[in-house]
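As structure tokens, the structure follows; a few thoughts come after it.
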Amino acid sequence: MIANIIVDVPSRQTDRPFDYKVPKSLQPWIELGSRVGVPFGPRVLQGVVVGLAEESEYDHSKLKPIKELLDPEPPLLPDLIELSKWLSEKYCCSRIAALQIMLPSALKGKEVKYIALSGAEQEQAYANSAWLQALRQEDGAIKLEKLMAMFPEEHRSIKQALQQGLLTLSGKVKDRTGIKQVRMVLPPADPEAAREQLAALKKQARKQYEVLSYLLEHPEPIALAQLVAKLNTSSSVVQGLAGKELVRIEDVEQKRDPYRHRQFEPSSPLPLTELQRHVYERIVKEMERKSGQTMLLHGVTGSGKTEVYLQSIAQCLDSNRQAIVLVPEISLTPQMVERFKSRFGDAVAVMHSRLSDGERYDEWRKIRHGQARVVVGARSAIFAPFSSIGLIIIDEEHESSYKQDETPKYHARDVAVRRAKQHGAVVLLGSATPSLETFVAASRIPKGAAEAPLLSMPERVAGQAMPTVHIIDMRQELTQGNRSMFSSALYEALKQRLERQEQTVLLLNRRGYSTFVMCRSCGYTASCPHCDISLTYHQKTRLLRCHYCGHAEQEPKQCPQCESEHIRFFGTGTQKVEEELAKLFPGIRVIRMDVDTTTEKNAHEKLLKTFSERKADVLLGTQMVAKGLDFPYVTLVGVIAADTTLNLPDFRAAERTFQLLTQVAGRAGRHHLQGEVMIQTYNPEHYAVQAAAQHHYEQFIQQELELRMGMMYPPYCRLICITMSAERLDQLAEVSTRFVNELKEIAQYEGVLVPLQSRMARAMEILGPVASPLARIKDRYRYQCVIKYRGSIDASTLVERAMEPFVAGKTSKQVLFSVDVDPQVIV
DNA sequence: AGCACGCCGACT
DNA sequence: GTCGGCGTGCTC
């Protein structure tokens, strides 16, 4: 038997399966998805079995056998192996990178080298070496690393002995699993026999008597530590009992439950409204059809999407299938988790970035071994190792955090669609402000279906009115002489809330309000010496830092250029707002939520808790205050400057602004108190602002679609952005130009290099190379090339083919390529 | 990615 | 004469 194995080497040259013999002893164990240790050149590496065959094309005499099996059962299932192939092809990443993101990091094995005596006679030469003594005492192999650490002075002689063949090296793949083990005491297997011994113990072994009688009364397994503490005794007593075979002590794997300290009130399904029921029934029908259909649930904030999710999941579980729920990282709060845990109890696994490696591994195993049947998690939970998925829910579908920034730069929504096809599962995309791509796709009637997979819930559950939204024209404020960042209307409204002891949420878009240092005499701004970007000021550490490379320097006391003292930092918007609030309303209690105040673990949660307990009047923050929060006493939401995101040079700027404003407007008045929203802007007539104020999604989308059509942007085409970087600008210019020419040639040959405005079904335009908007990062210059295309073109493969002459070894490895398929931001 | 192999410069 | 620099190429 031959196994095709992807080895754990992140390089283009090794990015293909290698063939290995499967030793007889391992044959019953090796399956698709098995993780194995294999000899690769002089090393032993981790690898994943992606194929099994009888024969190999490769020279049979050169085939090596698999060295070891790393898990008793394969951590990856065949569907994920197939998905990894798709992922690597679509997102132009290596196969191993695609496989790695599917595994918890605890299963990323690394080679550990062992050293042992080979039993040669020349040992005499080293008879006096301390390390030889140590190795003799050690009965087998010892970790090389350990030996080197023990004898730092002897590296030379050890190396020499190795070369002479006196010592041998061997490698093994070691996991970082760190499974938490707990010593458990199991009650007597034969209580009758134990009872008979009890009397005898009473005299000579008082303590053993106490322990045994306790265990006979409470015949459940109990942690050794707990038992010892409870009966005020020591473990030797219990071990004595174990020696008499009256009880058993066993090491049991302990699953760390990050939510173990939390009590979850069980909840039961709520009655559905007419609208919810209709939607629910369509989802269930689609699940039964196993069509692999993607559906959009377009529901306004407060329309009760979550209850529909919960009941659909229940239905999915009833039919013996599993469900994945994706939630934006930022919304994955304990309250959010609670809603699922209280409905489905221990069947829920939770996955998010704040879990430790160990915790994440535990959750992952709960999924893999079937104890969990629902996973609630961020982006990467889309790879949960379920065997039969019935439903994948993606809440807040439009969120850009579903696209991963690092390689592989996948979009969880697109992976979900693909994975659902494999399982015949339904993808349910939920949002009050669906992305244009999703909305357009869901509006089409699929082949063979009666209606479009678009589900609408345009009304709030309890029939509360949507909050009143006021658009405030800041230009007028200025002409009336108000130079403050608060309009008089917002000021009055705030004052009123304070008097009524109601709460306010204030939103300030962060982008466009960076914290930079500028000299007011000469206009000098502090910028990173390694990147073309201004440094940001961190108040806590009083350092200037670069976001991209981590460079840090002291805050300047005077301008390095003109030596003026008029150099000052322009604080985060939120800091400035906080100061101004304190000036306008002395004694006002403000909670500021931004990167500075939420870096600590759980800081986010703590701040929100304080606010929900009404210990503050105002919650002031960036985007993060807009997401899914639900406070009954919030009756005013203010957006300080709606324009900051509007004016960004990004084709999605209007869409982002609309989404943000709509989200934040939904925060007000969700309960018995009527809510009010104030949006301050210098562009009051902008359609994104207008549509958000009127809660009018379709109006926005029509206008935006027209614009996108005119500019030829998604959803009317697809994009790929290729960024090339190099230390030397001349090399970069040369290679990038040749690459783009190569790409154009290939596209031409394929007959797709046609303007998008043409009437051809398949069209592709190649723009660039041009300097990237981030022209230099970490001392590397950056150029980019953007591909726009439409129709059935396998653009990723074209890019891969065009890159081939330029990667590793060939022309120059000084120029690095990074491919972003379906980029979220194009500047 | 590593690691070996291989071909050229400054030193015990 | 050797140690060691890092360019090139291979890993089933």
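The chains referred to below are lettered A, B, ... by the order of the sequence lines, with proteins before strands, and numbering in each begins at 1.
- In this structure A:Thr14 satisfies the side-chain contact (heavy atoms from CB on, under 4.5 Å) test together with A:Val9, A:Ser11, A:Phe18, A:Phe40, sequence neighbours excluded.
- Under the 3.5 Å distance criterion, with hydrogens and angles disregarded, no donor-acceptor pair is assigned to the side chains of A:His411 and A:Gln404.
- Taking every heavy atom of residues 39-73 of chain A and every atom of DNA chain B, pairs under 4.0 Å involve A:Pro42, A:Arg43, by number.
- Legend: residues meeting side chain to side chain donor-acceptor pair (under 3.5 Å) with A:Lys366, ordered by chain and number and at least two apart, are A:Glu363.
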Sequence neighbours excluded and cut-off under 3.5 Å, please list the side-chain donor-acceptor pairs for residues 739-748 of chain A, or say none.
| residue | atom | partner | partner atom | Å |
| --- | --- | --- | --- | --- |
| A:Asn741 | ND2 | A:Thr737 | O | 3.4 |

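- Pairs passing the ring pair (Phe, Tyr, Trp, His ring centres under 6.0 Å) check and including a residue from residues 63-96 of chain A, sequence neighbours excluded, do not occur.
- Nearest to the side-chain atoms of A:Gln13 among the listed nucleotides C:dC12, B:dC3, C:dC10 stands C:dC10.
- Rounded to whole angstrom, the span from the CZ atom of A:Arg16 across to the C1' atom of C:dT11 amounts to 8 Å.
- Rounded to an integer number of Å, the gap from A:Arg12 CZ to C:dC10 P is 19 Å.
- Atoms CZ (A:Phe18) and C1' (B:dG2) sit 13 Å apart, rounded to a whole Å.
- The salt bridge (Lys or Arg N to Asp or Glu O under 4.0 Å) analysis of residues 81-102 of chain A, with sequence neighbours excluded, yields the pairs A:Glu82-A:Arg418, A:Lys85-A:Glu89, A:Lys90-A:Asp822.
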